[in-house]
Amino acid sequence: MTITEGLLVGLQAAMQPSILLYCFIGVFLGTLIGVLPGIGALAAISLLLPVTYHMDPASSIVMLAGVYYGAEYGGSTASILLNLPGTPSNAVTCLDGHPMAKQGRAGVALFMTTIASFIGGAIGIVALIVFAPYITEIGLEFGPAEYFSMMLLGLVAASTLASGSPAKGLAMVALGLLLGTAGTDVNSGETRFAFGIEELSDGINLVALAMGLFGIAEIISSITRARDGKSAEKITMRSMMPTKQDIKASAMPILRGSGVGGFFGALPGTGASIAAFMAYALEKKLAKDPSRFGKGAIEGIASPEAANNAAVQCAFIPTLTLGIPGSATMAIMLGALIIHGIQPGPMLMVEQPALFWGLIVSFCIGNVMLMILNIPLIGVWVSILRIPYHVLYPAILVFISLGVYSVNNNASDILLVGLIGLLGYGMHLLNFEAAPLLLGFVLGPLMEENLRRALLMSYGDLSTFVTHPISAWILAASALILLWSLFNVFRRFLQRRALKAG
């Protein structure tokens, strides 16, 4: 079956009234869940999974998939307005989205993230249709050595996320790595760095870390700060429209972010969070003036939002074509398919073409639904900023507590998010950036796991990281980035020295 024939079969399957209804229910619930900080698609899909037992396979998978990519759309809303990442992958949107809201440009920020999400999702769908076989082959070439090198590249890129001192950026990466090591060792099963605290035996909750660093810290730092009123202005359709400069500055970052998201989304074990941070790091590296990032640069929201939506769509590539879930959320999606008697793998496209292509066409329909649904709601979301702080803060704390508790049903996570919030406030006072810490925390455990696995497979031979061609090229790229960064530091030193001499 050619792609054109497959799409025609999929269009016929996806245009059934019941499929369209469940697609809308899925994207609407996903948007709502994304707007509520901390809950995330994983918890939502887990709760909805029993509901799908009495539904037909196509409707259930379409609805759950709609929740998944709909949450990425809605997750940017709380990140921009309240500095609270709706999902972990939206944490990077806080860095420039919230400063834009403080500047009175919340409507523009939300409009651009909607457009970026739509384009990123559309490009991800095209990649899923056209490049699924090729991306799957590339993914199959990635072994432990390649994954370790990729994670190392991510950590090198993370050191460029900090807008201040490079040394502080590296310190935050190191702290993130240390926090990521707490919990149970995956190889030995021993608990480490838990200091006798039983609640830390499973490690630190990523949602608690993100909520604390961005949400609680923002509340503490804002309690005594006078409200400037800029972000509380009435939002009209005209005020939401980006300027020509905004569109020009966002066009290429959206395309680059979509490419980054498509690549990382198709690799099992990476996902939307890593894709968003990588896209942000890339834009900052390519920017003529990197100091703008963290202060309301529109590229800092356009590229990551395109990346995480492209990654979510491309995450279905290894799940549907290989039966390999790339993340915990996709593992639940895989379970839902198996529960309904569908066996994902290379034969799915041949044995059940209506389901495979119908699901892809439903992604296209859901992506359009999300854009139509989100743009009229921007004014509603921005009106949140007009709520008095003494009312808003307790509500935010309630949502944070509910979101953190819902992940593991563990009350101790609420205490943990408070302690992390104090840490985040201290970092804010000392001008330490939270983004490198968060990326170090995400990448660190994956990096350690793949390092050990690669050494076990090579019997302790470190040359395995350079004898594998893909790994060698990625390590070379990391070295070039480090050398370029050192060159820039040395060049700035010489410039300062010349100015003093002059």
Side-chain angles (χ1 to χ4, degrees), residues 91-92 94-100 102-103 149-179 213-214 217 221 245-246 248-250 252-253 256-257 260 276-304 423-441 443-444 447 465-466 472-502:
V92 71
C94 295
L95 301 178
D96 286 281
H98 194 59
M100 285 185 70
K102 289 181 177 179
Q103 296 163 12
S149 300
M150 183 65 72
M151 302 306 160
L152 181 62
L153 177 63
L155 291 180
V156 170
S159 64
T160 69
L161 287 174
S163 58
S165 166
K168 288 183 176 181
L170 289 172
M172 288 295 96
V173 170
L175 179 57
L177 289 171
L178 288 173
L179 293 176
L213 288 176
F214 292 99
S221 63
Q245 181 60 33
D246 290 333
K248 183 179 179 181
S250 302
M252 289 308 298
R256 285 192 292 264
V260 170
F277 276 102
M278 286 292 195
Y280 188 90
L282 176 64
E283 290 309 314
K284 189 171 182 181
K285 181 61 69 177
L286 295 175
K288 293 181 180 178
D289 181 15
S291 64
R292 293 173 51 251
F293 284 75
K295 300 174 184 176
I298 198 162
E299 306 98 298
I301 63 172
S303 183
L423 170 67
Y425 179 61
M427 289 164 48
H428 173 74
L429 293 177
L430 298 173
N431 293 319
F432 282 90
E433 298 286 340
L437 186 156
L438 198 62
L439 187 57
F441 179 82
L443 291 181
M447 185 176 174
F465 297 104
V466 292
W473 280 109
I474 296 172
L475 288 176
S478 301
L480 286 174
I481 291 174
L482 282 174
L483 289 173
W484 180 254
S485 299
L486 289 172
F487 171 74
N488 284 334
V489 170
F490 183 67
R491 184 178 62 179
R492 285 195 295 268
F493 170 75
L494 292 179
Q495 289 174 346
R496 288 196 298 267
R497 190 173 178 180
L499 287 172
K500 288 182 181 178

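Both backbone and side-chain heavy atoms feed into the values below; hydrogens, waters and symmetry mates do not.
Counting only heavy atoms from C-beta outward, the side chains of L286 and M252 never approach each other to under 4.5 Å. Looking only at side-chain heavy atoms (C-beta outward), M427 and L423 come within less than 4.5 Å of each other. The closest side-chain heavy-atom distance from L152 to I474 is not below 4.5 Å.
Side chain of S303 to backbone of E299: no donor-acceptor contact under 3.5 angstrom is found. A side-chain donor-acceptor contact under 3.5 Å links D96 to the backbone of A297.
Taking CG of L483 as the start and OG of S478 as the end, the distance is 11.0 Å to the nearest 0.5 Å. We find the CZ-CD1 distance between R292 and I298 to be 9.5 Å, quoted to the nearest 0.5 Å. We find the CD1-OH distance between I301 and Y280 to be 10.5 Å, quoted to the nearest 0.5 Å. Remark: Q103 CD to H98 NE2 distance equals 11.0 Å, nearest 0.5 Å.
Heavy atoms only, all atoms of each residue included: G296 and M100 are closest at O-CG, 3.5 Å. Nearest approach of F432 to A171, heavy atoms of both residues: CE2-CB, 4.4 Å. P99 and C94 make their closest contact through CD-O, 3.5 Å (heavy atoms, listed as atom of the first residue, atom of the second, distance). For the residue pair A279 and G257, the shortest heavy atom distance occurs at CB-CA, 4.2 Å.
Evaluation of the side chain to side chain contact (heavy atoms under 4.5 Å, CB included) rule for L177 yields L155, V173 as partners, not counting sequence neighbours.
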